[in-house]
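Notes follow once the structure below has been shown.
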Amino acid sequence: MPKSRIRKKADYTPPPAKQTTALKLTNRAWVAPVMLALFLIGLAWIVVFYVTDGTLPVDALGNWNIVVGFGFIAAGFGVSTQWK
């Protein structure tokens, strides 16, 4: 009976090529202007409150005007998380 041949394996087999996936980038040009606008509105709200001795921007809110100003600033930080 004849002897079978020994199969020689390749020394190195490269891994299969990875297919690149296309990233879908959305246009987020609105984020920076909205973020800066919210920061500035919040800052202006607080400054106006202090400069007018609490009579402006909304007299009925009293010291809660500070919370409103910081709310605008916090909303600006919230919008900033969408920035890429």
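If you read the sequence from its start, that first residue is 1, and numbering goes on from there.
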**Complete:** Tightest non-hydrogen contact, residues M35 and S80, listed as SD-CB, 3.1 Å

**Request:** Answer yes or no: is there a donor N or O on one side and an acceptor on the other, between the side chain of D59 and the main chain of L56, under 3.5 Å?
**Result:** no

**Prompt:** Can you tell me how far CG of L43 sits from CG of L38, rounded to the nearest 0.5 angstrom?
**Reply:** 12.5 Å

**Asked** Under 4.5 Å between side-chain heavy atoms, hopping through other hydrophobics if needed: is there a path connecting V58 to F72?
**Response** yes

**Message:** Within this structure, what is the CZ-CZ distance for the pair F77 and F70, rounded to the nearest 0.5 Å?
**Reply:** 10.5 Å

**Asked** Do V47 and F49 belong to the same hydrophobic cluster, where Ile, Leu, Val, Met, Phe, Trp and Tyr are linked whenever their side-chain heavy atoms lie under 4.5 Å apart, directly or via other members?
**Response** no

**Prompt:** Linking I/L/V/M/F/W/Y whenever any side-chain heavy atoms sit under 4.5 Å apart, do W30 and I41 land together?
**Reply:** yes

**Message:** Assigning hydrophobic clusters by single linkage (Ile, Leu, Val, Met, Phe, Trp, Tyr; side-chain heavy-atom cutoff under 4.5 Å), is W45 placed with Y50?
**Reply:** yes

**Request:** Would you kindly confirm whether V48 and I73 end up in one hydrophobic cluster when ILVMFWY residues are joined by side chain heavy atoms under 4.5 Å apart?
**Result:** no

**Message:** On a heavy-atom basis, which atom in R28 and which in Q82 lie closest, and how many Å separate them?
**Reply:** NH1-O, 3.0 Å

